[in-house]
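Just so you know, these numbers come straight off a predicted model, no measurement behind them.
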Amino acid sequence: MHTLDNHVLETIHMIEHEKLDIRTVTMGISLLDCAHPDPAIACQNIYDKITRSAAQLVPVCENIEAELGIPIVNKRIAVTPISLVLAASEGADPVDFARALDRAAKEVGVNFVGGYSALVDKGITPADEALMLSIPRALAETDVVCSSVNIGSSRAGINMSAVKTMGEVIRATADATAETHGFGCAKLVVFANAASDNPFMAGAFHGVQEGDVTISVGVSGPGVVHRALQAVRGASFDECAEAIKKAAFKITRVGQLVGSLAAERLGVPFNIIDLSLAPTAEIGDSVAHILEEMGLETVGTHGTVAALALLNDAVKKGGLMACSNVGGLSGSFIPISEDIGMIESAAAGHITLDKLEAMTAICSVGLDMVAVPGDTSAPTLAAMIADEAAIGVMNHKTTAVRVIPAVGLDVGDMVEFGGLLGRAPVMPVHTPSSEAFIARCGRIPSPVHGFRN
């Protein structure tokens, strides 16, 4: 049989039996040319540019799905951080801009639009502050808008004034969406070292250094990697790493094919592939189960961080061999609610917030889709952000917090988010207060190794 036929059959097998899919095709759209002193005109410009640029995004992706038989789970849009566009419209209500994004996203039929965002790792402009304070209302009054704020970087340090504000914003967002146990917080991410070409929600935005309109792809394939490790069960770590690299290579090649086709047919440049292993709450699609396949009785026990380090490194090496345009986060997501293995381990008490923090020194993001008691205070939420930001800033990597105070629920309860967002057990937080620490505000300076030139 011809080698090409073997590759085709292998891909079909990965799709049918190992849950391989393209997790997202994300169109990045610059809105810098939409700014206007009149906020009504600015919002109309935003709506017009998104609906014009992304008019064919969903149909093109659906045609590629049908043609190749490869599922594309999400079609998304990422836009310029809205605080930058908002700055031209003095006195505007930022939520009007969120509504414009929501209307445009619904018109073109995408699942989410990201970029209701601000970049405040070094300082906060009036537009940044206005946007940050509007987030609870924006997320409560829209359906598919996602928000993110970058509060730290290895070059600038951690903006602790912004950290304090974002603790309050998360608290207010949970209260504004209390009828859904704080679901609005599932659409809000607080970053350190945010990536400007990340195609995954809720943290996607289109950086100012990106092109006018681009296409990026987020691949997924925990099931493929898991099956590859099953084939070398009991083998050395060297063989495990090789098996993972080969699986990541295959996954990435599929992603490159889909991204290149989408970009060509939409007439825009192909940007990057994000190699992040993105799990779901379905059986057979778990990053936690990959780690357990290496010999851990359950994820969260001793050895978990070492196993995650091997996985992340091998995924990146395999992906880089398959595609030169690698970007975004590219590693392994460990969201509690979106990974059946993580859900089970957290419910059994094997995964704690402290263990998750240790794992985030290795993985792609941080405390992701973590449900905490509904009465968790703003200073405690801010302190969680500060801890994750410190890990990212000191290690020159992206870290993030997407934490949901599950209003009306307490430790041991299960909160249901539905769809890809899954469900999560409410996890305990430390009860001693961090309020005086957070109240200091100001800035934690960048580390001595942060200044590289």
- [ ] Evaluate whether atom NZ of Lys187 has more than 12 neighbouring non-hydrogen atoms of other residues, nucleotides or ligands under 6.0 angstrom away.
- [x]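 Buried by this count: over 12 neighbours within 6.0 Å.
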
- [ ] Can you establish whether the number of heavy atoms outside Lys355 located under 6.0 Å from its atom NZ is more than 12?
- [x]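 Yes - once you tally the heavy atoms of other residues, nucleotides and ligands closer than 6.0 Å, there are more than 12.
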
Task: Selection residues 108-137 - residue pairs positive for salt bridge (charged side-chain N to carboxylate O under 4.0 Å, His left out), sequence neighbours left out - done: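 Listed once each, the pairs are Asp93-Arg137.
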
Of all the heavy-atom pairs spanning [X] and [Y], show the shortest one and how long it is.
X	Y	answer
Ile385	Met166	CD1-CB, 4.0 Å
Asp339	Ala288	OD2-N, 3.2 Å
Leu101	Val145	CB-CG2, 4.0 Å
Thr398	Ala195	OG1-N, 4.4 Å
Val232	Glu239	CG2-O, 4.4 Å
Ile151	Ala389	CD1-CB, 3.6 Å

[X] [atom1] to [Y] [atom2] distance, which is reported to the nearest 0.5 Å:
X	Y	atom1	atom2	result
Lys49	Leu32	NZ	CG	8.0 Å
Glu168	Met132	CD	CE	9.5 Å
Ile244	Leu310	CD1	CG	5.0 Å

Task: Phe200: ring-ring contact (aromatic ring centres under 6.0 Å, His included) partners, not counting sequence neighbours - done: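 ring-ring contact (aromatic ring centres under 6.0 Å, His included) check on Phe200 returns Phe333.
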
Got a sec, which pairs hit side chain to side chain donor-acceptor pair (under 3.5 Å) with one end in [range], sequence neighbours left out?
range	answer
residues 259-269	Glu67-Arg265
residues 106-117	Asp102-Lys106, Lys106-Asp143, Tyr116-Ser134, Ser117-Ser148
residues 192-203	Ser154-Asn193, Ser196-Gln209, Ser196-Glu210

Quick one: are [X] and [Y] in side-chain contact, heavy atoms under 4.5 Å?
X	Y	value
Ile124	Asn159	yes
Val190	Val163	no
Val225	Ile251	yes
Met27	Leu266	yes
Val219	Ile273	yes

Using side-chain hydrogen bond (donor to acceptor under 3.5 Å, both in side chains) as the criterion, list what pairs up with [X], not counting sequence neighbours.
X	value
Asp313	Lys317
Asp38	none
Gln44	Asp48
Glu65	Lys75

- [ ] State which residues pass side-chain contact (heavy atoms from CB on, under 4.5 Å) with Ala346; sequence neighbours excluded, sorted by chain then number.
- [x]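 With sequence neighbours excluded, Ala346 shows a side-chain contact (heavy atoms from CB on, under 4.5 Å) to Ile336, Ile351, Pro425, Met427, given in chain and number order.
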
TODO: Under the side-chain contact (heavy atoms from CB on, under 4.5 Å) rule, collect the residues that match up with Glu293, sequence neighbours excluded.
DONE: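 Per chain and number, Glu293 pairs via side-chain contact (heavy atoms from CB on, under 4.5 Å) with His226, Leu229, Gln230, Arg233.
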
- [ ] Sequence neighbours left out, what passes salt bridge (charged side-chain N to carboxylate O under 4.0 Å, His left out) with Lys245? Give chain and number order.
- [x]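 Salt bridge (charged side-chain N to carboxylate O under 4.0 Å, His left out) check on Lys245 returns Glu242.
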
Open item on the list: Please tell me whether Ser216 and Asn271 have a donor and an acceptor in their side chains that are separated by less than 3.5 angstrom.
Closed with: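 Checked: Ser216/Asn271 side chains pair up, N/O donor to acceptor below 3.5 Å.
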
